[in-house]
Asks: 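Sharing a structure, written as structure tokens. Questions coming.
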2 protein chains.
Amino acid sequence: MINVLVEGIKKKQAPILVGLDPMLSYIPQYLQQEAIKEHGETLEAAAEAVWRYNKEIVDAICDIVPAVKPQSAMYEQFGIPGLSVFQRTVEYCKEKGLVVIGDVKRGDIGSTSAAYAAGHLGKVQVGSTKLSVFDEDFITVNPYLGSDGIQPFIDVCREEKKGIFILVKTSNPSSGEFQDQKINGKPLYELVGEHVAEWAESCMGDAYSYVGAVVGATYPEMGGVLRKVMPKSYILVPGYGAQGGTAKELAPYFNEDGLGAIVASSRGIIAAYRQPAYEKYGERGFAEAARQAALAMKEDIDHIF
Amino acid sequence: MINVLVEGIKKKQAPILVGLDPMLSYIPQYLQQEAIKEHGETLEAAAEAVWRYNKEIVDAICDIVPAVKPQSAMYEQFGIPGLSVFQRTVEYCKEKGLVVIGDVKRGDIGSTSAAYAAGHLGKVQVGSTKLSVFDEDFITVNPYLGSDGIQPFIDVCREEKKGIFILVKTSNPSSGEFQDQKINGKPLYELVGEHVAEWAESCMGDAYSYVGAVVGATYPEMGGVLRKVMPKSYILVPGYGAQGGTAKELAPYFNEDGLGAIVASSRGIIAAYRQPAYEKYGERGFAEAARQAALAMKEDIDHIF
């Protein structure tokens, strides 16, 4: 899948992805009201509104971007109906030729990580039948538990030719509280990055590894350091746009081949219709607003090269 | 809920909980075959087998232990049917008077953690209606993202009188890879513990805080240090039994009042029928074997005091 992702980025000339993080507050009132009219004020209504919102956005951006990143929390909060829409969204995006990165940030002790790996990337066995479950192409993984919590994901990646992005330096304001702490003069994120580089070597695609890293757009200096520490890992870069990262600061995340990073934007695209720049599209033009915002982001990122 | 948990521990004289981590390999063949006969080799069959297994075990242990800890990965791996059984298990355990700790190890940037907090501990709003979703009493949380990833969980705990256990030092063999790294002479887990102590102060029940910590039974020396660093936090102690922790090593996790820790055992109880000591109960006596193993654990832990 890392080869497919790299091909998609080249073909669409867009090292960008859209985060499908549909908070209800982003979803136009009319869509929410329609769903409530059909299902009452229920989790089913919330999930249905999320689905319709996602579908229109995916239809509007699928020819521009190579990948999407649904954030599991935004679905899980609506319980079983929400998770059904997570699954439906993953399936629909794959039908539309998009690479799907499940932003699930799972991570546990070995045997438990193995279950998450099977459910999200691999297959579970029932009787003599092997079944795919959520079947994303990539997922994000939390490294706090160390190697034996990561290895089961790598094993499944190798078998299924799928991938993971391991949290190294996250985009949020307090990420430094633990991640920046110095260990023998080197910050923890760099130590995690060194481990990612080793794991990456053990699970290579063509030019890049199935094991990538998450490094927030909000910390470009650290992005530059981590780029060199993990030469074979794709870097997933959240925090562009709404969280404050700008394109000119993103150059250090890329390799000299112009590859090696994919920049994520969520609400900056999916809720673009609420920004002054796109308000002319109105609530009902939310998908077209998302398309225009994705095109603007593509152009903005182009200026890096 | 921390007050309810402490009361339950006192009343049942058992600072122990049962981990409901039903890997299919633990579930007796006849239960799996029955479910497959009804549903074919499908996710529904796997989920149904998990449900029947859980229900019998819960019925057999609910008068002995104050709490259970379902591990979300073991349900999530079976997709929507699996997650429906997770929800059903949470509901059933609460009906049986058990405190439910969802072992979900979630954690993300602020707005995303808020969604997880709403879905697992709080309520989501659809139109003008507030709805409970998975509605566990406690969940486990990963600290790698720092304060702004933790705060939304604390906010919901305060509102709902529920709780979290934050991963501090995990029970797995490679937990030291990052958690033991020295920062100004102090290991990372201790720094995380210091933060837990602060968060705990901000969210107090009667004698203990709604904010607890996870510290593995496999590292008793660190347990003793962390006990003192986080005096107001309940410590959830996994790794007893199957992972190698023994009762005599658990004393340091408790405060002088005999409280402050709750020891978890999963496969050592739920799959007890596969151990030589309980094989006389046979496959079909798996629930009675679990009951006997829980009683033995209670007695073993009693020796600490």
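Atom set for the values below is all heavy atoms of this structure, side chains included, hydrogens, waters and symmetry mates excluded. Chain A is the first sequence line, chain B the second, and so forth, proteins listed ahead of strands; every chain is numbered from 1.
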Asks: A:Met74, A:His195, A:Met23: which one forms the most heavy-atom pairs within less than 4.5 Å of chain B?
Replies: A:His195
Asks: Testing the basics here: between A:Ala115 and B:Ala73, what is the closest heavy-atom pair and its distance to 0.1 Å?
Replies: CB-O, 3.8 Å
Asks: Select, from A:Lys182, A:Gln33, A:Gln32, A:Lys105, the one with the greatest count of heavy-atom pairs under 4.5 Å involving chain B.
Replies: A:Lys105
Asks: As an exercise, state the distance from CD of B:Gln77 to NE2 of A:His120, rounded to the nearest 0.5 Å.
Replies: 10.0 Å
Asks: Donor-acceptor check, side chain of B:Ser174 to backbone of A:Ser147, threshold 3.5 angstrom: yes or no?
Replies: yes
Asks: Heavy-atom distance under 4.5 Å to chain A: side chain of B:Ile183, backbone, both or neither?
Replies: both
Asks: Checking heavy atoms, do the side chain of B:Asn142, its backbone, both or neither come under 4.5 Å from chain A?
Replies: side chain
Asks: For B:Phe86, which atoms come within 4.5 Å of any heavy atom of chain A: side chain, backbone, both, or neither?
Replies: neither
Asks: Output the option from A:Ser84, A:Ala46, A:Ala118 having the highest count of non-hydrogen pairs under 4.5 Å with chain B.
Replies: A:Ser84
Asks: Crowded around A:Glu159 CD? As in, over 12 foreign heavy atoms under 6.0 Å?
Replies: no
Asks: Which heavy atom of A:Ala45 sits nearest a heavy atom of B:Val126, and at what distance?
Replies: CB-CG1, 4.4 Å
Asks: What part of B:Val214 gets within 4.5 angstrom of chain A, counting heavy atoms only: side chain, backbone, both, or neither?
Replies: neither
Asks: Side chain of A:Glu41, backbone of B:Ser128: donor and acceptor closer than 3.5 Å?
Replies: yes
Asks: What part of B:Ser72 is in contact with chain A, defined as an atom under 4.5 angstrom from a non-hydrogen atom: side chain, backbone, both or neither?
Replies: both
Asks: Can you tell me if B:Lys94 has over 12 outside heavy atoms packed within less than 6.0 Å of its NZ?
Replies: yes
Asks: Let me confirm one number: the CD1-CD distance from B:Ile80 to A:Gln87, rounded to the nearest 0.5 Å.
Replies: 5.0 Å
Asks: Which pair of heavy atoms, one from A:Phe178 and one from B:Pro143, lies closest together, and at what distance?
Replies: CD1-O, 3.3 Å
Asks: Can you say whether B:Gln29 sits under 4.5 Å from chain A via the side chain, the backbone, both, or neither, judging by heavy atoms?
Replies: neither
Asks: Start with the C-alpha distance between B:Asp108 and A:Gln71, add both sets of side-chain angles, then the distance that settles side-chain contact (heavy atoms from CB on, under 4.5 Å), and finish with yes or no.
Replies: CA-CA 10 Å; B:Asp108 212 299; A:Gln71 164 53 258; 3.3 Å; yes
Asks: Quick one: closest heavy-atom pair of B:Asp148 and A:Pro173, and the distance?
Replies: OD2-CD, 3.1 Å
Asks: From A:Gln125 CD over to B:Leu24 CG, what is the distance, rounded to the nearest 0.5 angstrom?
Replies: 9.5 Å
Asks: To the nearest 0.5 Å, what is the distance between CG on A:Leu83 and CZ on B:Phe134?
Replies: 5.0 Å
Asks: Nearest 0.5 angstrom please: A:Leu167 CG to B:Ile109 CD1, how far?
Replies: 11.0 Å
Asks: What residue, out of A:Gly176, A:Gly146, A:Gly119, has the most heavy-atom pairs lying under 4.5 Å from chain B?
Replies: A:Gly146
Asks: Under 4.5 Å, counting heavy-atom pairs only, tell me which of A:Thr42, A:Thr140, A:Asp103 racks up the most with chain B.
Replies: A:Thr42
Asks: Quick check for you: among B:Leu191, B:Asn184, B:Ile150, which has the greatest number of heavy-atom pairs under 4.5 Å with chain A?
Replies: B:Leu191
Asks: Check whether B:Val104 gets within reach of chain A through its side chain, its backbone, both or neither, counting any heavy atom under 4.5 Å.
Replies: backbone
Asks: When rounded to the nearest 0.5 angstrom, what distance separates OH in B:Tyr144 from CG in A:Leu145?
Replies: 12.0 Å
